[in-house]
Amino acid sequence: MELARLLYISEATRPIGPAELAGIVRTSQQNNATKGITGLLVCAGGQFFQALEGDPLRVSALYNHIRADPRHTNAVRLQFKPIGTRLFAEWGMELVHADHAGPIDQDRMAKALIRLRLGNGLAADEVDVLLREFRS
Ligand code: FAD
């Protein structure tokens, strides 16, 4: 089966509380499972970063659907590339909520997201390092 990973970053249009975020994750886990899509959603300092892995057409269609959600804006696609194996195979859609982490982790993640936003030209291996960092 052909596999691709899409990464994007976006900005929340208003504060998204923990209950609403949990709702987004619950919906995502249900919907994505039916499409064979796995991934990670990072929320830190009003910014989102999401990794979507699965069939390229399904991933692309889901990204277009998510992008239209008025709860976020300024989505920038950072990567959409074929992959051999999934990084998040066991994650239907895992949430990493930095705002609930300790101050050091919050700071580290917010800085990582800023690097992603500014570094549209980040080398592929640098992006992989950041992804593994979020995963851990
Ligand atoms: P419905 O629930 O019928 O909603 C219809 C429209 O209203 C959609 O455009 C929806 O985006 C919008 N909407 C829904 N709830 C609200 C609300 N509380 N306030 C404002 N607008 C609302 N969904 C997935 O399936 N998989 C994902 O991986 C995924 N990731 C997401 C990541 C982010 C950062 C965000 C903000 C949302 C994500 N979603 C994801 C949610 C997705 O955008 C849709 O809300 C969800 O898929 C339900 O779609 P629907 O057409 O069945 O919507």
Side-chain angles (χ1 to χ4, degrees):
M1 180 193 168
E2 222 185 322
L3 281 177
R5 183 183 308 122
L6 187 151
L7 307 177
Y8 76 86
I9 192 157
S10 66
E11 291 166 8
T13 46
R14 56 175 171 78
I16 308 279
E20 187 165 9
L21 202 51
I24 292 176
V25 171
R26 207 169 33 247
T27 305
S28 303
Q29 287 173 341
Q30 285 161 2
N31 292 348
N32 298 3
T34 64
K35 299 176 182 135
I37 293 177
T38 53
L40 163 87
L41 177 64
V42 180
C43 177
Q47 300 182 83
F48 291 111
F49 166 77
Q50 191 168 25
L52 301 167
E53 297 176 335
D55 172 80
L57 288 177
R58 287 182 165 185
V59 164
S60 177
L62 178 61
Y63 173 60
N64 286 330
H65 176 70
I66 296 171
R67 246 166 38 121
D69 193 314
R71 289 173 285 189
H72 65 161
T73 187
N74 291 338
V76 178
R77 200 179 71 180
L78 302 170
Q79 188 183 83
F80 185 33
K81 66 167 195 181
I83 50 170
T85 51
R86 296 175 192 248
L87 259 182
F88 305 102
E90 69 283 17
W91 288 8
M93 182 49 62
E94 198 67 24
L95 174 68
V96 178
H97 196 340
D99 294 354
H100 295 159
I104 291 172
D105 274 356
Q106 279 183 27
D107 189 51
R108 203 165 55 92
M109 288 209 192
K111 282 189 179 139
L113 291 187
I114 289 166
R115 278 185 63 206
L116 281 171
R117 182 170 285 285
L118 297 179
N120 228 346
L122 273 188
D125 55 343
E126 282 184 276
V127 174
D128 281 354
V129 168
L130 276 174
L131 280 177
R132 285 172 209 284
E133 198 170 312
F134 285 137
R135 194 176 62 166
S136 65

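- Between Ala12 and Phe48, the shortest heavy-atom distance links the atoms CB-CE1, 3.9 Å.
- Side chain of Glu53 to main chain of Leu87: a donor-acceptor pair is present (N/O by atom type, distance under 3.5 Å, no hydrogens or angles).
- Both Met1 and Ile83 belong to a single network of hydrophobic side chains, linked directly or stepwise wherever heavy atoms of I, L, V, M, F, W or Y lie under 4.5 Å apart.
- Heavy-atom minimum distance, Arg58 versus Lys35: NH1-O, 3.3 Å.
- Using a distance-only test at 3.5 Å, with no hydrogens or angles considered, no donor-acceptor pair links the side chain of Thr13 to the main chain of Thr73.
- With a 4.5 Å cut-off on side-chain heavy atoms, Cys43 and Leu21 count as touching.
- Nearest heavy-atom pair across Thr85 and Arg5 is O-NH2, 3.8 Å.
- The local environment of CD in Glu2 is sparse, with at most 12 non-hydrogen atoms from other residues, nucleotides or ligands closer than 6.0 Å.
- Rounding to the nearest 0.5 Å places CD of Gln29 at 10.0 Å from CG of Leu41.
- The side-chain contact (heavy atoms from CB on, under 4.5 Å) test applied to Ile9 returns Gln47, Val76, Leu78, Leu113, Leu116, Arg117, not counting sequence neighbours.
- Side-chain contact between His72 and Ile16: absent, with no pair of heavy atoms (C-beta onward) separated by less than 4.5 Å.
- Thr27 meets the side-chain contact (heavy atoms from CB on, under 4.5 Å) test with Asn31; sequence neighbours excluded.
- Closest non-hydrogen pair, Leu6 versus Arg77, comes out as CD1-CD, 3.9 Å.
- Taking OG of Ser28 as the reference point, atom CG of Leu62 lies at 7.5 Å (rounded to 0.5 Å).
- Atom CZ of Phe80 is separated from atom CG of Leu52 by 9.5 Å, given to the nearest 0.5 angstrom.
- Residues Ala75 and Tyr63 come closest through the heavy atom pair CB-OH, 3.8 Å.
- Applying side-chain contact (heavy atoms from CB on, under 4.5 Å) to Tyr8 and the options Gln50, Arg67, Gln79 leaves one that passes, Gln50.
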